[in-house]
Amino acid sequence: MPTNREIQLASRPQGWPTEDNFRLVTAEVPTPGPGQLLIRNRYMSVDPYMRGRMNDVRSYVPPFALDAPLDGGAVGEVVGGEADGFAPGDTVLHGLGWRDYALVEAKAARKVEPGLAPVTAYLGVLGMTGLTAYAGLLEVAAMRPGETVFVSGAAGAVGSMVGQIARLRGAGRVVGSAGSAAKVERLRALGFDDAFDYHDGPVRDLLRAAAPDGVDVYFDNVGGEHLEAAISSMNLHGRAAICGMIAQYNDTEAPAAPRNLAQVIGKRLTLRGFLVNDHGHLREQFVREVSGWLRDGTLAYDETVVDGLENAPAAFLGLLRGENLGKMLVRL
C-alpha cells in the first residue's frame, strides 16, 4: 500500500513566511468509510488567501491548524470509496490539497469532465479563480459597456481574467498593473489597452498616464498604494471590487488607510469587498459564457506549474513574491 505525504503547518510566520513554517510528513493512506471518497491528487492550487489562514486570527474562514495538513483546491482521481454518483477513475474537484491522497466527503467533491477542458482549468479559469473575476467585475462592480476598468495584479490568475472579461463585455478601456516588463507585455498580448510596471514610478502617476480620462471600475487585488491611486483616478460614481490586498499580507504592522479616503465622499464612490462563495448562483452562467470564449479562442489563460508536493511551499512563497504568470499550480 502506498504511503501518503502531506504538507503540515509547522509554525506561524511572523511577517514573510519561510520554508521553515512548513513540514513534509509521511502518514498512512486513509481508508474511506460510508459516503467518503479516497482521491489521488494530481494537481493542487496555491492562492494568496492562504497567507491569511496561516495567522491565528478570526476571519471568514478558520485558520490553518498547527501540526496538521494545510488545505486548498485540488483535482484528482477517485481510487477508493463508494458514494452515489461517483466511480473509480472519476476526476473530481475538492478542497483537500497539500497531500498525495485525500479522504473527502462525497458531498464536498464535484465531478468534472476532463474531455471538456484540461483538468487544471477547473482550479483556475473554470474554477474559483475564474468565478472570482467574473462575479467581482460583473456583479460586484457592475461594469457597464464603454467604461474604463483598472485591474491591479493584472498578470495573476484572477487579474488576467478580469481584464479579458472586461474587454469581451465591452469595456471602453482596460488598464492593468503588473510587476515586470515581461508581464506588462503579456497583458498587452491578452488585449489590455495599456499596462504598466508598478516598479517604474508612483502608481498614481502611472495610472493617470494610462487612464487619462479616469477610471470607472477598479478591481483590487493589491491594496496599499494601488488602492490609493485608484481612488485618486476614479470618476464620479466609480465602483471598486475589493478582492485582495496582497501588498500587505505579510506586514507586521497595521497599514495606514488610503490617505485620500475622503475622496470617496465627494466622488460618491462605492468600495465593496466580496468573497467568491457569495456568488455561487452565477456558476452556471459563468461556466457557459467562459467555456464558450475558451472554445472560440477569444479568452486565454496562463499557468505556472511546479512539480512535486515537496515543492508546494516554494510554489506558495513564489506566488507571494509574484513569480507566477497566471495560475500557480503544483503537479503531484
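Start at 1 with the first residue, then count along the sequence. Side chains are part of it too, since the values below use all heavy atoms of this structure and drop only hydrogens, waters and symmetry mates.
Between Y198 and H226, the ring-plane angle classifies as perpendicular under the 30° and 60° cut-offs. Below 30°, between 30° and 60°, or above 60°: for F219 and F274 the angle between ring planes is above 60°, a perpendicular geometry.
Between atom NZ of residue K267 and atom CG of residue N260 there is a gap of 7.5 Å, rounded to the nearest 0.5 Å. Remark: L325 CG to K183 NZ distance equals 6.5 Å, nearest 0.5 Å.
Annotation: cation-pi pair R331/Y43 absent, no NZ/CZ under 6.0 Å from the ring centroid and within 45° of its normal. Because its NZ or CZ atom is not both nearer than 6.0 Å to the ring centre of Y249 and within 45° of the ring axis, R51 does not count as a cation-pi partner of that residue.
A salt bridge is defined here as a Lys NZ or Arg NE, NH1 or NH2 lying under 4.0 Å from an Asp or Glu carboxylate O, and R321 with E323 meets this definition. In summary, D194 and R173 engage in a salt bridge, as defined by a charged side-chain N under 4.0 Å from a carboxylate O. Salt bridge annotation for R144-D216: absent, with no cationic side-chain nitrogen under 4.0 angstrom from a carboxylate oxygen. The pair K327-D302 does not count as a salt bridge, with every side-chain nitrogen at least 4.0 angstrom from each carboxylate oxygen. Taking a cutoff of 4.0 Å between a charged side-chain nitrogen and a carboxylate oxygen, D193 and R167 do not qualify as a salt bridge.
Legend: residues meeting salt bridge (charged side-chain N to carboxylate O under 4.0 Å, His left out) with R208, ordered by chain and number and at least two apart, are absent. Taking the side-chain contact (heavy atoms from CB on, under 4.5 Å) definition, one finds that E139 meets it with H279, H281, L282, sequence neighbours left out. Partners of E77 under the salt bridge (charged side-chain N to carboxylate O under 4.0 Å, His left out) rule, at least two apart in sequence or in another chain, are R42. Considering only residues two or more places apart in sequence or on other chains, E6 meets the salt bridge (charged side-chain N to carboxylate O under 4.0 Å, His left out) condition with none of them.
Side chain to side chain, Y218 and D220 meet the donor-acceptor criterion of an N or O pair below 3.5 Å.
Annotation for R268: atom CZ counts as buried by contact number, over 12 foreign heavy atoms lying within 6.0 Å.
Clustering of Ile, Leu, Val, Met, Phe, Trp and Tyr side chains at separations under 4.5 Å leaves I265 isolated, with no partner residue. Its side chain within the 4.5 Å cluster rule, F86 clusters with L37, I39, V78, V92, L96, V104 among the Ile, Leu, Val, Met, Phe, Trp and Tyr residues.
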Would R5 and E310 count as a salt bridge (Lys or Arg N to Asp or Glu O under 4.0 Å) if you check the C-alpha gap in whole Å, the side-chain angles of each, and the deciding distance to 0.1 Å?
-> CA-CA 9 Å; R5 299 176 305 157; E310 66 279 7; 3.0 Å; yes

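In this structure, S291 and L126 approach most closely via the heavy-atom pair N-CD2, 4.2 Å.
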